[in-house]
Amino acid sequence: MCWPKRSVLVARKAKVSNDGKPLFDRVAIIGLGLIGGSMAAAIRKHGLAGEVVGFDQRQDELALGAELGVIDTAAQSLEQAVRGSDLVVLAVPVRAMRTVLESVRPFLANDAVLTDVGSTKSSFVADVEAVFGELSPYVIPGHPIAGSEKSGVRAANAELFANHKVILTPAENASQLHVQRLKSLWEGCGATVLTMSVAYHDEVLAATSHLPHLIAFSLVDTLAGEDENMDIFRYAAGGFRDFTRIAASDPVMWHDIFLSNRDAVLRVIDHFTSDLDQLRSAIASGDGETLLRVFSRAKAAREHFSKMLSGQAYVTNNIDKQVTFHLQPGGTVRGDIRVPGDKSMSHRSIMLGALAEGITEVKGFLEGEDSLATLQAFRDMGVTIEGPENGFVRIHGVGMHGLQAPRGPLYLGNSGTAMRLFTGLLAAQPFDSELTGDTSLSKRPMGRVADPLRAMGAVIDTAEGGRPPLKIRGGQKLAGIHYDMPVASAQVKSCLLLAGLYADGVTSVTEPATTRDHTERMLEGFGYHVHRDGATASVTGGGKLTAAAIDVPADISSAAFFLVAASIAEDSDLTLRHVGMNPTRVGVINILRQMGANIEVLEERVIGGEPVADLRVRSANLKGIDIPVDQVPLAIDEFPVLFIAAACAEGRTVLRGAEELRVKESDRIQVMADGLAALGVETTVTPDGIVIDGGQSIQGGTVESHEDHRISMSFAVASLRAAGPIKINDCANVATSFPGFVDLALETGIRISTEGSES
Ligand code: S3P
């Protein structure tokens with residue numbers, strides 16, 4: 001479904017009153033039903049207004065409201081309620097809104113804030129415009145997403161909004177001051193406030209609330225009609241009860257809502273009925289594949305929503321995730337652990353598994369947001385993927401030409417690897433596609449893949465400066481090229497090799513320095529020959545992939561944090577199990593060993609074409625070195641934590657030839673230098689590297705991670721040698737590569753705690 005572009009801001013919990021004074025002097029609640037009554041009760045309970053005045057046409061409800069202490073004062077007329085109030089809340093049925101507005105108008109002060117609590121927002125705006133001739137800056141439509149099947153003021157509950165969302169839909173001309181006041185009021189009632197446009201609100205609610213209510217009403221009605229004795233309900237299991245709970249809601253209110261949000265509701269009903277028809281046909285024709293695909297896609301989506309709702313991260317925009325790490329200084333690092341699966345291999349296992357013929361089973365898959373974004377994108381292109389469950393994934397390959405057009409843009413979160421590899425793959429598909437990502441990914445350079453792909457015949461539009469989103473035109477015939485990569489990038493190489501699978505003739509790529517070769521190895525594992533000749537890898541288009549079993553080893557890039565941690569902390573002895581030791585990835589071990597680290601490589605073995613080993617690491621006195629330039633691409637993701645090692649080493653460490661670090665999830669040279677400076681460690685930044693004089697004392701302080709997962713984890717490691725506590729801001733993205741980092745760090749002896757939610 002295509003919704004208007006969303007603009008959602010999450011307000012943080014704020015003070016409920018300014019300078020101890022109530023937010024509003026006098027609040028008039030017009031309509032003392034469940035929502036109006038609960039709002040009045042919550043405002044009173046939390047002392048958010050000087051006085052809460054209630055009005056309801058139903059005299060008995062009004063009297064009950066006063067008797068129950070829901071309101072301070074029962075107004076005898078609308079005039080008495082509205083006159084002198086600086087906030088007027090219309091909590092009346094949607095169908096009564098226009099009439100009530102007409103009655104309110106003569107008494108409403110020019111600078112009083114006017115809001116409502118209805119489920120549809122365009123109808124409220126239309127009513128206000130009809131009555132007032134315009135939408136003044138003081139009108140701020142609202143919608144608390146809370147309720148119950150109960151109704152009436154007797155059901156009023158001051159806690160109804162606690163931990164619920166309230167959506168405000170202020171127009172562009174709305175007074176920011178008053179939007180803020182109203183937000184603070186709702187937050188004072190315990191709610192989280194989102195703001196969005198009226199149109200977006202109505203589309204979203206049509207899909208997430210109105211359609212489910214319609215289906216519940218309709219299903220119960222259908223079944224009741226089929227069985228006159230209602231016998232069917234006697235046998236109804238819990239699923240029926242859960243699914244139809246909302247059919248007990250107020251029919252009059254819902255009748256209003258459907259009529260007032262007609263257009264958005266009709267769109268979503270049409271969409272739903274056409275999908276339902278497809279399921280019907282699949283059942284009729286015994287098409288189990290389609291059923292399995294739709295069901296597993298839905299199950300995954302449901303889990304995704306549950307995670308989002310419980311505040312966990314999963315391929316979501318980080319806008320509403322706030323995670324802060326707090327570290328106490330010192331500690332020893334000991335134990336026996338296995339870090340999560342390799343990110344690069346996890347991405348590739350899904351990609352090749354999806355394009356293969358047959359079923360690919362993956363063990364050790366990284367359930368981090370980046371690789372989950374890749375997995376979700378393939379589901380969006382019609383691939384059935386079971387799992388992940390404890391790192392196990394089963395992919396029902398669709399073959400080289402079996403992908404289907406996604407319904408909308410493919411959102412790849414924070415993942416540069418996903419975006420660059422997908423670009424190659426999608427450039428060769430028969431359908432158009434669009435790739436988007438989070439704020440960090442949206443700043444990263446994509447010209448490095450778009451340019452050579454264009455030379456192969458691809459049609460790709462980028463935003464300014466070659467940045468995402470990328471719009472890829474389908475149906476292009478690609479021709480093989482030879483490409484001399486100007487930068488040593490495994491992502492660029494892999495992108496071109498993937499496009500090369502579909503191109504006419506041979507596609508070959510020469511790298512200026514060795515980069516990780518997981519794509520080449522895994523293609524071979526899926527039966528697709530990659531010719532390798534020194535620095536050049538090539539494929540001939542037109543072949544096919546055959547499903548394979550993949551065992552993803554632990555990610556050496558994640559192990560790196562612990563390699564450094566156990567090296568710099570005193571009295572440490574840590575074993576890391578099943579770590580991927582691909583020679584194109586072991587730069588971090590080579591560099592640390594050259595610095596004097598005590599790392600033993602044990603039980604070396606080859607699993608599924610990739611070398612794996614256990615690593616035992618113990619405390620060591622590190623010394624500064626000139627990092628060999630040929631090791632840079634082999635340790636490209638590990639430099640943030642290597643800088644921490646350098647800061648703890650004796651003597652000077654010099655890094656050159658690493659300008660690529662400036663275009664990772666953040667500018668990792670500058671961001672690390674700034675973070676070290678915040679902890680009292682001075683460094684010299686150069687265009688392509690950094691000079692770090694070790695032995696300076698690491699102070700406590702606050703570090704900005706710039707939402708870069710590896711920066712967050714590196715400074716967590718630094719705490720082992722710090723003199724005071726360290727606070728690290730914006731750590732939610734640790735979940736992109738290392739879910740469970742905090743627990744594992746704690747288990748080994750790093751004194752970490754978090755504020756906010758970490759997945
Ligand atoms: C990756 C390649 C590297 C690395 C990234 C993963 C891959 O990027 O930094 O985390 O899986 O191919 P570049 O190829 O841009 O150096």
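Counting starts at 1 for both ligands and their atoms, in listed order.
- Listed by atom number, the atoms of ligand 1 under 4.0 Å from I636 heavy atoms are 9 (O).
- Residue contacts with ligand 1: S344 is placed with a nitrogen or oxygen under 3.5 Å of a nitrogen or oxygen of the ligand (distance criterion only).
- The ligand atoms of ligand 1 that sit less than 4.0 angstrom from a heavy atom of R516 are 1 (C), 2 (C), 4 (C), 6 (C), 7 (C), 11 (O), 12 (O).
- Distances from atom 6 (C) of ligand 1 to the heavy atoms of D370, V492, T417 put T417 nearest.
- Of the protein's heavy atoms, Q491 NE2, 3.5 Å lies nearest to atom 1 (C) of ligand 1.
- The CD atom of E638 sits 3.5 Å away from the OG atom of S557 when rounded to the nearest 0.5 Å.
- Short contacts between ligand 1 and A490, defined as distances under 4.0 Å to a heavy atom of the residue, involve ligand atoms 12 (O), 14 (O).
- In terms of modelled atom types and a separation under 3.5 Å, the side chain of S719 and the main chain of L327 share no donor-acceptor contact.
- The backbone N or O of T510 lies less than 3.5 Å from no partner atom in the side chain of T536, so there is not a single donor-acceptor pair.
- Here's the thing with E660: none of its N/O atoms is less than 3.5 angstrom from an N/O atom of ligand 1.
- Atom 7 (C) of ligand 1 has its nearest heavy-atom neighbour, among R348, H518, E511, in R348.
- If you check the side chains of Q670 and D674, you find a donor sitting under 3.5 Å from an acceptor.
- The two residues S349 and F365 come nearest to each other via the heavy atoms OG-CD1, 4.1 Å.
- Here the heavy atom of the protein found nearest to atom 10 (O) of ligand 1 is D637 OD2, 2.7 Å.
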Test ring-ring contact (aromatic ring centres under 6.0 Å, His included) on F715 and F643; report intermediate values, then the result. CA-CA 10 Å; F715 282 106; F643 293 177; 9.7 Å; no

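- Ring planes of F561 and F738: tilted class, angle from 30 to 60°.
- At least one heavy atom of K664 sits closer than 4.0 Å to an atom of ligand 1.
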